[in-house]
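Dropping a structure here in structure tokens format, bear with me for questions.
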There are 2 protein chains.
Amino acid sequence: MTEQYFGTRPTLEAVAARAGVSRATASRVVNGGTGVRPPLVDKVRQAVEELGYVPNPAARSLVTRRTGAVAVVVAEPETRFFSDPFFSQQIRGISKELSAHDVQLVLLLVEGPDDYGRISRYLTGGHVDGALAFSLHDDDPLPGITRGAGMLTVFGGRPGFPAAVPYVDADNRGGAREAVRHLQSLGRRRIAHIAGPLDQTASTDRLAGYRDMLPEADPALVAEGAFTTASGARAMAELLDRRPELDAVFAANDLMASGALRVLREHGRRVPEDVALVGFDDMVSIAEATDPPLTTVRQEIEEMGRLMARLLLRGLDQGVSGPAAPSSVITPTTLVRRASA
Amino acid sequence: MTEQYFGTRPTLEAVAARAGVSRATASRVVNGGTGVRPPLVDKVRQAVEELGYVPNPAARSLVTRRTGAVAVVVAEPETRFFSDPFFSQQIRGISKELSAHDVQLVLLLVEGPDDYGRISRYLTGGHVDGALAFSLHDDDPLPGITRGAGMLTVFGGRPGFPAAVPYVDADNRGGAREAVRHLQSLGRRRIAHIAGPLDQTASTDRLAGYRDMLPEADPALVAEGAFTTASGARAMAELLDRRPELDAVFAANDLMASGALRVLREHGRRVPEDVALVGFDDMVSIAEATDPPLTTVRQEIEEMGRLMARLLLRGLDQGVSGPAAPSSVITPTTLVRRASA
DNA sequence: CTGCCCGGTGGGAGCGCTCTCTCCACGGGC
DNA sequence: GCCCGTGGAGAGAGCGCTCCCACCGGGCAG
């Protein structure tokens with residue numbers, strides 16, 4: 001732990017000299033130390049310690065052709081990425097998994113529609129070994145870009161893109177079915193749905209789950225929101241206007257459910273007595289804070305992030321050879337019963 | 001734009017051969033092209049284009065000793081980092097500035113109190129040219145770590161650490177003074193303060209500004225919160241209990257102000273008639289959504305992020321030689337008058 | 001007309017590492 | 001007792017790039 005501000009950093013050469021071995025042996029020790037006799041291992045370790053040696057990552061990756069870093073690409077036309085706890089939790093999971101494997105996370109924020117060129121250039125540039133991306137909208141150019149760059153990429157959320165790219169997603173459809181099934185088991189017959197933006201598969205999949213259970217449902221019982229509180233309120237008002245006799249609502253996320261809740265109360269409907277309400281996500285800070293607390297479909301967001309990273313790392317390890325595309329993973333959802341339904 | 005999935009990527013050598021020049025000349029063109037005659041420049045450019053050449057960053061940084069990346073270190077013992085829009089906006093600013101200079105952002109999330117070793121190792125490892133960090137608490141080990149790593153680091157927020165590290169912060173003290181001055185100009189005499197956690201300089205600086213204007217203020221008019229809505233509500237209740245005669249409140253951020261607002265209303269106090277209320281931050285999504293909308297002290301958060309990055313890049317350019325520590329920057333605040341005061 | 005200067009170019013070394021290949025020493029089988 | 005097999009160590013060749021330095025030729029001063 002010596003000072004090394006100026007005075008060039010020690011190289012492997014220096015370590016080898018100090019330990020009285022060759023550079024090759026020193027390298028072997030630094031990289032795991034298999035096939036080197038214990039006394040030499042100790043000598044090298046000690047030299048490393050004394051010199052404060054740290055391998056030069058550039059030199060290493062020049063020969064290994066691995067960078068030990070992956071990109072996380074975030075398309076964020078509308079500042080949603082950060083404001084939505086969904087992404088932050090996913091990033092947490094990703095970060096945990098990556099750092100456990102000593103892989104670094106390079107954050108690539110898309111700064112606007114004209115910025116994809118930079119992203120693409122970076123990805124082809126060999127700065128990172130692979131990429132993680134979030135597929136927000138059906139027309140997102142990201143899937144095209146990453147495959148164009150020939151870079152192994154795992155997506156968060158099923159891309160609208162019909163290509164066979166690996167992704168991690170919650171069982172949106174199954175979760176939605178469970179939500180509706182629960183409302184039905186409560187004896188509700190006029191079940192409305194507040195959908196998310198229909199250019200996202202998360203929304204369309206949840207809508208599909210709703211329709212699975214209610215194939216004959218009145219189309220007027222479905223309203224489209226935008227995953228925000230305000231849009232949930234708006235959609236709820238619309239539904240009450242169109243079908244005042246509704247007795248249950250399944251909202252495609254908790255934020256919209258909380259907006260709906262407010263409107264229901266303003267219209268004098270008691271929850272759950274008059275109208276039962278189920279959300280999606282189980283964002284605890286929202287679902288537990290409402291009055292009454294929200295019954296909702298829980299998805300393991302951080303775990304999904306972790307899985308994305310794991311899938312990518314595995315694909316990377318399996319090798320440069322062959323189209324080692326990992327298969328996608330769908331994580332289960334669970335219904336969390338609170339008071340709203 | 002040829003396929004290059006397999007088949008090794010073209011090197012400078014290949015470009016040079018195709019253009020009929022030496023590797024040195026090709027390199028010159030790729031790096032700006034000064035001192036090379038136009039016809040040759042064109043030839044090289046064309047070869048680059050045809051081959052789809054992209055420089056190998058590892059090889060480049062091996063010799064230049066620059067990585068073209070900076071770390072953003074985020075200590076987040078309590079998941080605050082992402083949930084607080086403050087940081088996300090700051091990151092946006094940072095990302096914009098960095099990508100404009102083709103510098104990458106490596107995100108280092110501290111995964112817990114035991115994780116500082118990894119961070120420190122990474123920073124000393126030569127993976128990045130400099131670092132950006134957020135100083136959250138007075139006892140934060142980050143300032144010590146980055147200087148121990150001998151790495152140029154710019155902080156977001158004045159560190160409690162008494163060291164002379166460069167940082168970017170809003171004029172918290174001046175902003176607080178302005179808030180109180182405004183309340184005084186409204187004729188309020190019993191002005192309370194809801195402070196943030198007092199182990200953060202943002203909180204203590206704002207408290208200091210409050211005290212600047214009210215040196216004789218009753219200590220019972222100050223309550224400590226935690227920058228959250230709930231803590232603001234709690235602090236407000238406490239203040240009303242202790243000093244029911246108060247006629248104004250300056251809260252150290254908008255979140256706490258919104259919590260205070262709710263409690264004031266629950267206690268039958270009209271805002272601003274009975275109690276005038278001023279917040280801090282001007283988080284538009286909060287300040288404009290309350291009823292009445294919040295008068296608050298605005299700080300240019302994204303701009304602060306941009307400044308952090310700019311300061312770091314400048315320091316990096318000024319050179320490896322000498323202790324090129326950039327000086328700190330304090331950004332001005334402005335009072336935004338809405339209806340609450 | 002000769003020599004010098006200078007812009008433009010190429011040759012080549014070397015950044016710090018990994019990895020293959022060679023070499024050596026030792027031990028065991030016949 | 002000899003030879004071969006085996007495991008451990010070292011020498012050396014690059015990985016792809018930048019940059020120093022030598023070189024070359026043309027223009028201009030002497």
Side-chain angles (χ1 to χ4, degrees), chain A residues 4 6-45 47-48 51-69 102 124-127 129 319-320, chain B residues 4 6-45 47-48 51-69 102 124-127 129 319-320:
Chain A
Q4 51 190 32
F6 305 108
T8 49
R9 287 172 34 179
T11 68
L12 234 207
E13 189 81 51
V15 171
R18 189 179 189 99
V21 299
S22 72
R23 210 173 51 246
T25 298
S27 173
R28 282 189 271 263
V29 173
V30 170
N31 294 292
T34 54
V36 179
R37 248 182 309 240
L40 287 193
V41 171
D42 288 346
K43 268 199 208 158
V44 173
R45 291 249 165 86
V48 165
L51 260 31
Y53 170 75
V54 182
N56 179 320
R60 180 177 275 177
S61 85
L62 178 58
V63 38
T64 59
R65 280 135 198 300
R66 280 296 213 102
T67 64
D102 258 301
T124 37
H127 295 83
D129 299 329
V320 194
Chain B
Q4 52 189 33
F6 305 109
T8 49
R9 288 173 31 180
T11 68
L12 235 207
E13 188 81 52
V15 171
R18 188 178 188 100
V21 301
S22 72
R23 211 173 50 249
T25 297
S27 173
R28 281 182 200 108
V29 173
V30 169
N31 293 292
T34 54
V36 178
R37 246 181 315 233
L40 287 193
V41 172
D42 288 346
K43 268 199 207 158
V44 174
R45 291 248 164 86
V48 165
L51 259 32
Y53 170 75
V54 182
N56 180 321
R60 180 177 275 179
S61 85
L62 179 57
V63 37
T64 59
R65 281 136 196 299
R66 279 297 213 101
T67 64
D102 257 299
T124 38
H127 295 84
D129 299 330
V320 194

Any N/O pairs under 3.5 Å between the protein and nucleotides 22-24 of chain C? List them or say none.
none

| query | At what angle, to 10 degrees, do the two end axes of the helix from C/dC1-D/dG30 to C/dC30-D/dG1 meet, given five pairs define each axis? | reply | 60°
| task | Output all residues satisfying side chain to side chain donor-acceptor pair (under 3.5 Å) with A/Thr11, sequence neighbours left out; order by chain, then residue number. | result | none
Can you give the donor-acceptor pairs under 3.5 Å from side chains of residues 25-36 of chain B to other protein atoms, not counting sequence neighbours?
residue	atom	partner	partner atom	Å
B/Thr25	OG1	B/Ser22	OG	3.3
B/Thr25	OG1	B/Arg28	NH1	3.4
B/Ser27	OG	B/Asn31	ND2	3.4
B/Asn31	OD1	B/Arg60	NH2	3.1
B/Asn31	ND2	B/Ser27	O	2.8

| query | How many angstroms lie between atom CG of B/Leu40 and atom CZ of B/Arg45, to the nearest 0.5 angstrom? | reply | 12.0 Å
| said: Filter on salt bridge (Lys or Arg N to Asp or Glu O under 4.0 Å), then keep only pairs touching residues 17-27 of chain B, sequence neighbours left out; what's left? | reply: B/Glu13-B/Arg23, B/Arg18-B/Glu50
| task | Return the residues of residues 57-64 of chain A meeting this criterion: a heavy atom under 4.0 Å from some atom of DNA chain D. Order them by number, or give none. | result | A/Leu62, A/Val63
| chain B footprint on DNA chain D, 5' to 3' - any atom under 4.0 Å from a heavy atom | D/dG16 to D/dC20
| said: Can you build the contact string for nucleotides 7-13 of chain C? Use B for base contact, S for sugar-phosphate-only contact, and - for no protein heavy atom under 4.0 Å. | reply: -SBBBBB
| said: Between P on C/dG14 and CZ on B/Arg65, what's the gap in Å once rounded to a whole number? | reply: 14 Å
| query | What pairs with A/Ala69 under side chain to side chain contact (heavy atoms under 4.5 Å, CB included), at least two apart in sequence or on another chain? | reply | A/Thr67, A/Gln104, A/Val106, A/Val128
| Considering all heavy atoms of both residues, which atom of A/Gly126 and which atom of B/Pro57 are nearest to each other, and what is their separation? | O-CG, 3.8 Å
| request: Sort and list the pairs that fulfil salt bridge (Lys or Arg N to Asp or Glu O under 4.0 Å) and have at least one residue in residues 34-44 of chain B, not counting sequence neighbours. | output: none
